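For reference, the structure discussed in these notes is given below.
Note that the structure is a prediction, hence the values are computed from the model and not measured.
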Amino acid sequence: MNKFSAKISPSSGPQPVTLHLPTPASEKDPQEQTLVQDESDAKRPSKRCCTRCPFRAIQRVACGLILGACVAVSWAWGTNSAKETLIRHPAPFFIVWFCSIWNILFFPLYYLCHLLMEKQKQLPCMEFRKCSLFLGEELTVRIVLKGAAPFSVLWSLSGYLYLLALCRISKVDVSAVLCCNQAFVFLLSWIGLKDRFMGVRIVAAILSITGIVMLAYGDGFHSDSITGVALGVGSASASALFKVLFRKHAGSVQPGAASVLLSCVGLCSFVLHSWVCVLLYFTHVEYWPPSQHIPWDKLCVMATLLLVFNLLVNLGEIFTYPRLISLGILLTIPASAAVDAFVTETLQMSHVRAAAAGIISAGYLMLQLPENWDDSTLHWLSTLWRGNWREDSVVGEETVMDTAGIARAKPKPAVMTLS
């Protein structure tokens, strides 16, 4: 190469600054603008969906409030009918057996809800097969009766002890004791199913037990209150064991599986427990003369109301939030007091019993708290403190809405410096 020739290389000096101004939407390529619009619409929910979601939430809340009130009224009215039936026909096991048979209607009523609510409808056999997987792969009458027999025994035992308790204590006390069922479910689940330990639920269980003790000794040490409350605790414990065993077998409590199980419980009560009624009758444990009129009207009213109560408790989450149904169970205490005060005019509640009912109600409400309630509360408080109580100091791009309704970053003004 000639020594006077030079190799020219790119200059390392400053390059000219090119300003990229935002292109107006009208000057963009229509095809590109359409692609951006479709991508943004795919990432965000539609406007119609956003306007429907609050309405659906409000609808579910309103439905939950109505169903919760129905839960309280059906229980209070059914308990009143049960007490009147026991006065006219003192045969508690026969009454429990008669009411348990009505559980056969659970799955047909659930399937009716399935036809009304679900878009993809299935045949009754297919739906029953899908909901009864916890009983086994191959379903026969023997397998169904064998799988549902323990639950049928617990169901009848819980109802029998409930009626015996109702003979000795008031309807308000029985309702308050049965609200402690949730505390027993938590303790059994913690021990048997290894559920998460929660301090607030331990406190709630202690409050429930405290309320039970106050109810038992509300009228002194020599009264029927101790026996009645003990029978009520036995009924609540049998019901809690029923729920925990169902969770152990089914994994999670779903309305379909619950309807199948309760229908099988009604079938087992009809097939297996009929001979117990006959045995109790011939041994004169529960005997009534043939000339005595059995109050079938009261029995049918009681069975219908208890069936409605159990339907709302087990299938209510199809229509609303389960917490609102749980609130309805708590409202059975004031509903029973209202029936005693205004219908039968037999309300006799001392200050000790009122305080016990309040303590049990407080424990019940604490048991309804979700598992991560403490983390959620702390996160909400920290967000409230850092986000709403001081101005945001983070400098970022402003966001504007263009004519298509899409959020875009607003370009900052260019600052030119001369050097």
Handout entry: Donor-acceptor pair, side chain of Y364 and main chain of A176, under 3.5 angstrom
Key = no

Exercise for the section: Would you check if Y321 and V61 make a side-chain contact, meaning some heavy-atom pair closer than 4.5 Å? Expected result: yes

Exercise for the section: Taking the side chain as every heavy atom from C-beta outward, state whether L166 and T79 have any pair of such atoms under 4.5 Å apart. Expected result: yes

Practice task
Over 60° means perpendicular and under 30° means parallel, so classify the ring planes of Y287 and Y281, tilted if in between.
Solution key: tilted

Practice task
Look at the aromatic rings of Y110 and F107 and report parallel, tilted or perpendicular, splitting at 30° and 60°.
Solution key: tilted

Fill in the blank from the handout: Which of N310, L261, V260 passes side-chain contact (heavy atoms from CB on, under 4.5 Å) with F106? It is N310

Practice task
Looking only at non-hydrogen atoms, find the nearest pair between I169 and K83 and report the distance.
Solution key: O-NZ, 3.0 Å

Practice task
Establish, from distance only, whether the side-chain atoms of S156 and H273 form a donor-acceptor pair under 3.5 Å.
Solution key: yes

Handout entry: Output field: ring centroids F246/F134 closer than 6.0 Å
Key = yes

Handout entry: Closest contact, heavy atoms only, S74 versus V308
Key = CB-CG1, 4.2 Å

Problem - Side-chain donor/acceptor of S225 to backbone N/O of A216, under 3.5 Å - result: no

Handout entry: From CA spacing to verdict: side-chain contact (heavy atoms from CB on, under 4.5 Å), S361, I333
Key = CA-CA 9 Å; S361 301; I333 300 177; 3.9 Å; yes

Problem - Of all pairs that satisfy salt bridge (charged side-chain N to carboxylate O under 4.0 Å, His left out), the ones with a partner from residues 267-282, not counting sequence neighbours - result: none

Problem - Nearest heavy-atom neighbours spanning L67 and F319 - result: CD1-CB, 4.1 Å

Practice task
Test Y162 against every option in W155, W75, F93 by the ring-ring contact (aromatic ring centres under 6.0 Å, His included) rule and name the one that passes.
Solution key: W75

